[in-house]
Amino acid sequence: MTSSASGASGAADLPDYAPIPRSALGPALNDQRYYVGRVERNLYWVTDGVYNSAFLTTGDGVVVFDAPPSIGPNLRRAVDEIAAANGVTNRVTHLVYSHHHADHAGAASIFDGDVTRIGHEETKRRLERDNDPGRPAPEITFADRYTLQVGGERVALAWHGPNHTPDNIYIHFPGHDTLMFIDVVNAGWVPIYNVNLSEDVPGYIDAPAIALSYPWTHLISGHLGRLATRDDVAVHQAYIADIEASAREALAAVDPIPFYMRYGENAWAGVKANLDTVAERAAAPIVAKYTGVLAAADIEIFTYTTTFQIMQSLRLDTGLGVSRPVNP
Ligand SMILES: [Zn+2]
């Protein structure tokens with residue numbers, strides 16, 4: 001298919017994909033390649049079209065939520081622009097980490113000096129492990145819940161178990177009708193490879209229902225260029241539920257024996273043929289159903305690898321087709 005990807009004309013040989021629905025795209029970027037918009041009142045979001053960050057302006061200082069390096073210094077510009085327009089301080093006093101990943105946190109060190117960084121205790125453990133100067137470990141950590149109060153505003157941070165990462169938290173703005181929850185739902189788009197590069201598949205599958213259990217109208221989801229709605233979460237849930245149902249069907253329908261017989265003592269060749277066959281059977285109808293519904297659903301490798309991960313979770317976490325009860 002992509003025969004000469006390494007050749008000089010590689011990009012010209014790459015496949016075409018379905019047009020991106022207008023509804024999956026966000027507002028136009030400015031000349032400096034960012035957009036900053038009001039979510040509600042003094043809560044703002046910033047995007048470069050692919051990543052999202054947010055900040056809250058208060059009389060006592062600005063609270064920044066995530067600092068993706070792709071937005072980088074434009075995050076500082078966005079804060080300065082809004083603070084100047086509203087006549088409030090542009091001094092960043094707090095930075096909240098949604099999770100430890102470098103692509104959402106790697107520009108944290110832009111805000112140095114008197115900034116207090118806040119994150120889950122596992123975020124601190126991982127940032128100390130990763131030892132990246134762009135992502136200083138948080139000074140304030142919590143295990144389950146933390147309420148941040150700055151300048152009369154309240155932000156509720158909560159950990160409800162592992163999902164995309166073991167440290168990924170829910171950031172609720174009760175006074176702004178908003179939830180920030182990163183890297184599970186991509187607003188209007190499919191998850192990328194392997195369940196959006198997630199570590200805990202059952203946690204990832206359950207997380208949207210936890211997100212929906214909060215009251216909010218606006219979701220800052222981390223990707224891509226616009227805010228998400230409750231409907232976006234529902235479509236994401238339907239996509240994942242369809243994958244799970246399709247994987248169950250395929251696991252039940254595909255007989256593994258012929259694959260192992262075909263390869264004899266090469267057990268891994270049998271495993272590959274069997275699992276690949278199940279995943280391809282399960283993923284194909286999902287690609288067809290969601291092309292035109294979720295942007296990039298026709299990039300088949302995304303849905304295929306996500307289906308593969310969910311199929312493995314069904315086998316290994318729930319025991320489907322692997323473990324059988326001894327007694328009925
Ligand atoms: Zn992440």
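In each ligand, atom 1 is the first atom listed, and ligand 1 is the first ligand listed.
Side-chain contact, D183 with H223: a donor N or O sits under 3.5 Å from an acceptor N or O. Residues N163 and D200 have side chains that never bring a donor and an acceptor to within less than 3.5 angstrom of each other. A donor atom on one side chain and an acceptor atom on the other are not found under 3.5 Å apart for Y17 and E300.
In terms of heavy-atom proximity, Y193 sits nearest to T306 at C-OG1, 4.2 Å.
Shortest distance from the Zn ion (ligand 1) to D183 is reached at OD2 (N/O/S atoms only).
Remark: at the Zn ion (ligand 1), atom NE2 from H99 and atom ND1 from H101 enclose 100°, rounded to the nearest 10 degrees.
Note on H164: counted as a metal contact of the Zn ion (ligand 1), an N/O/S atom lying under 2.8 Å.
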